[in-house]
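Values below: every heavy atom of this structure, side chains too, minus hydrogens, waters and symmetry copies.
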Amino acid sequence: MTNSPETCLLCPLPATVPCGTCQIPLYCTHHVSSDESHALLCSSLVSPPPADEDINSVLAVHLPSSSPIPKLVRIPITSFSDDTSGISFSEPSIYSLFPEDASPEAMHRERNRVRDRDTRSMLEVWSCKEGDGNQCLAALAGGEDKLFHPWKGEVVVLAMTRSRGGMVDPGTYQDVDAVDWRDVVDVVVDWGDGRWERGIKEVLDRLGEAKPEATNVDEGRTVEDGNPEDGEEVKANVTMEME
């Protein structure tokens with residue numbers, strides 16, 4: 001069952017309005033009827049595929065290449081420990097969802113750039129470089145021409161816990177919920193949109209042209225002299241200009 005998020009799935013306002021099907025407060029009063037993608041998995045999230053008691057598994061999203069409808073699936077998870085470090089790792093068994101001759105690779109994302117917020121979980125996106133265009137993603141984007149990344153074949157997305165700040169934190173897999181699903185839609189449709197990288201480059205170019213002195217009055221030092229506080233200020237300016 002999905003826990004209610006503090007803010008609306010579509011904006012920073014408080015989530016006070018429940019979904020009519022799952023009855024979980026997911027939206028603000030402005031966006032209660034504008035999230036069509038949630039309806040695609042809402043019923044499955046309320047009544048997910050049953051788990052096998054003898055197999056460790058998590059709920060994940062399968063975006064089929066030949067269907068516009070996403071699926072909530074159970075992915076078996078195998079855990080093992082490194083003999084040298086003693087650190088525990090987990091590995092998802094996703095290969096049954098791909099053709100036998102496919103070589104799926106994983107990519108990760110922790111930022112929802114569309115909503116300008118961190119994703120609830122670290123998203124692990126499995127896909128291939130070969131195959132036909134993905135019909136499910138094309139439908140979510142409103143047409144294949146609206147996708148920035150050339151998604152091919154099957155696509156599977158899992159949710160992982162975020163790093164807890166340790167030196168080595170491989171994370172653990174967890175069930176996808178309604179908040180993750182909103183992040184999945186935004187992330188995969190937005191994937192490859194070069195506007196964000198171009199925006200960062202433009203800000204850095206402008207800063208380079210301006211070449212501010214940023215002199216410390218008391219000590220007569222500049223950013224180039226290695227003043228960490230001034231360096232942090234320049235980074236903050238980049239962030240503010242991007243916003």
Side-chain angles (χ1 to χ4, degrees), residues 1-3 5 9 19 21-22 24 26 35 37-80 88-100 102-112 114-115 118-129 131 134-141 147 149 151-163 169-191:
M1 178 63 70
T2 299
N3 294 321
L9 292 187
C19 163
T21 301
C22 64
I24 299 172
L26 299 173
D35 189 11
S37 60
H38 173 71
L40 295 173
L41 279 187
C42 180
S43 297
S44 297
L45 289 166
V46 173
S47 300
D52 188 328
E53 295 182 358
D54 298 326
I55 300 177
N56 181 30
S57 65
V58 296
L59 295 171
V61 176
H62 176 207
L63 305 168
S65 63
S66 58
S67 170
I69 307 300
K71 300 178 180 179
L72 195 67
V73 297
R74 284 206 170 271
I75 301 295
I77 302 297
T78 302
S79 300
F80 57 94
S88 297
F89 296 88
S90 299
E91 182 176 310
S93 301
I94 48 89
Y95 296 99
S96 62
L97 296 173
F98 291 86
E100 291 185 6
S103 300
E105 298 178 353
M107 301 181 287
H108 298 84
R109 182 63 61 83
E110 293 185 286
R111 182 73 180 169
N112 185 331
V114 175
R115 310 293 164 191
D118 291 337
T119 56
R120 185 190 79 94
S121 309
M122 181 170 71
L123 299 180
E124 184 172 273
V125 184
W126 288 85
S127 65
C128 295
K129 296 180 180 179
N134 188 289
Q135 292 186 25
C136 188
L137 282 168
L140 289 173
L147 291 170
H149 180 78
W151 296 104
K152 303 291 185 182
E154 310 300 318
V155 176
V156 179
V157 187
L158 294 96
M160 298 185 72
T161 57
R162 288 177 165 278
S163 172
D169 183 7
T172 55
Y173 292 96
Q174 60 188 7
D175 289 342
V176 165
D177 70 2
V179 180
D180 293 318
W181 170 233
R182 179 67 259 173
D183 287 333
V184 168
V185 174
D186 291 334
V187 165
V188 295
V189 171
D190 172 70
W191 203 291

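- Atom OG1 of Thr161 and atom CZ of Arg120 lie 10.0 Å apart (nearest 0.5 Å).
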Self-check item: Verdict with supporting geometry, Leu72 and Leu45, side chain to side chain contact (heavy atoms under 4.5 Å, CB included)
Solution: CA-CA 8 Å; Leu72 195 67; Leu45 289 166; 3.9 Å; yes

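- No option in Arg111, His108, Arg109 other than His108 meets the side-chain contact (heavy atoms from CB on, under 4.5 Å) test with Met122.
- Atom-to-atom distance recorded for Met107:CE and Glu124:CD is 10.5 Å, nearest 0.5 angstrom.
- Asp35 contributes atom CG, which lies 9.0 Å from atom CG of Leu40 (distance to the nearest 0.5 angstrom).
- Considering OG of Ser127 and NE2 of His149, their distance stands at 5.0 Å, rounded to 0.5 Å.
- Listed for the Ser90 side chain is no donor-acceptor partner under 3.5 Å among the backbone atoms of Thr172.
- Side-chain atoms of Thr119 come within 3.5 Å of backbone atoms of Ser121 as a donor-acceptor pair (strictly under, hydrogens ignored).
- Under the side chain to side chain donor-acceptor pair (under 3.5 Å) criterion, Asp183 pairs with Asn112, Arg117, not counting sequence neighbours.
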Quiz item: Which is it for Phe98 and Val156 under the side chain to side chain contact (heavy atoms under 4.5 Å, CB included) test, yes or no, and what are the steps along the way?
Solution: CA-CA 9 Å; Phe98 291 86; Val156 179; 3.8 Å; yes

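- The two residues Cys42 and Thr21 make their nearest non-hydrogen contact at SG-CB, 3.5 Å.
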Self-check item: Evaluation steps, side chain to side chain contact (heavy atoms under 4.5 Å, CB included), between Val179 and Leu9
Solution: CA-CA 7 Å; Val179 180; Leu9 292 187; 3.8 Å; yes

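- Leu158 and Pro92 get closest at one heavy-atom pair: CD2-CB, 3.8 Å.
- Taking both residues in full, the closest heavy atoms of Ser93 and Thr78 are given as OG-OG1, 4.1 Å, listed atom of the first, atom of the second, then distance.
- The nearest pair of heavy atoms linking Ala178 to His38 is CB-CE1, 3.9 Å.
- In this structure, the separation between CG on Leu140 and CH2 on Trp151 is 11.5 Å, given to the nearest 0.5 Å.
- Taking Asp186 as the reference, Arg115, Arg182 meet the salt bridge (Lys or Arg N to Asp or Glu O under 4.0 Å) condition, with sequence neighbours excluded.
- Nearest heavy atoms, Trp181 versus Val176: N-CG1, 4.2 Å.
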If you look only at distance, which donor and acceptor atoms sit under 3.5 Å apart when one is on a side chain in residues 54-71 and the other is two or more places apart or in another chain?
residue : atom : partner : partner atom : Å
Ser57   : OG   : Arg74   : NH1          : 3.4
His62   : NE2  : Glu154  : OE1          : 2.7
Ser65   : OG   : Glu154  : OE2          : 2.6
Ser67   : OG   : Ile69   : N            : 3.2

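- Note: Ile75 CD1 to Trp126 CH2 = 10.5 Å, rounded to the nearest 0.5 Å.
- Val155 and Val125 make their closest contact through CG1-CG1, 3.9 Å (heavy atoms, listed as atom of the first residue, atom of the second, distance).
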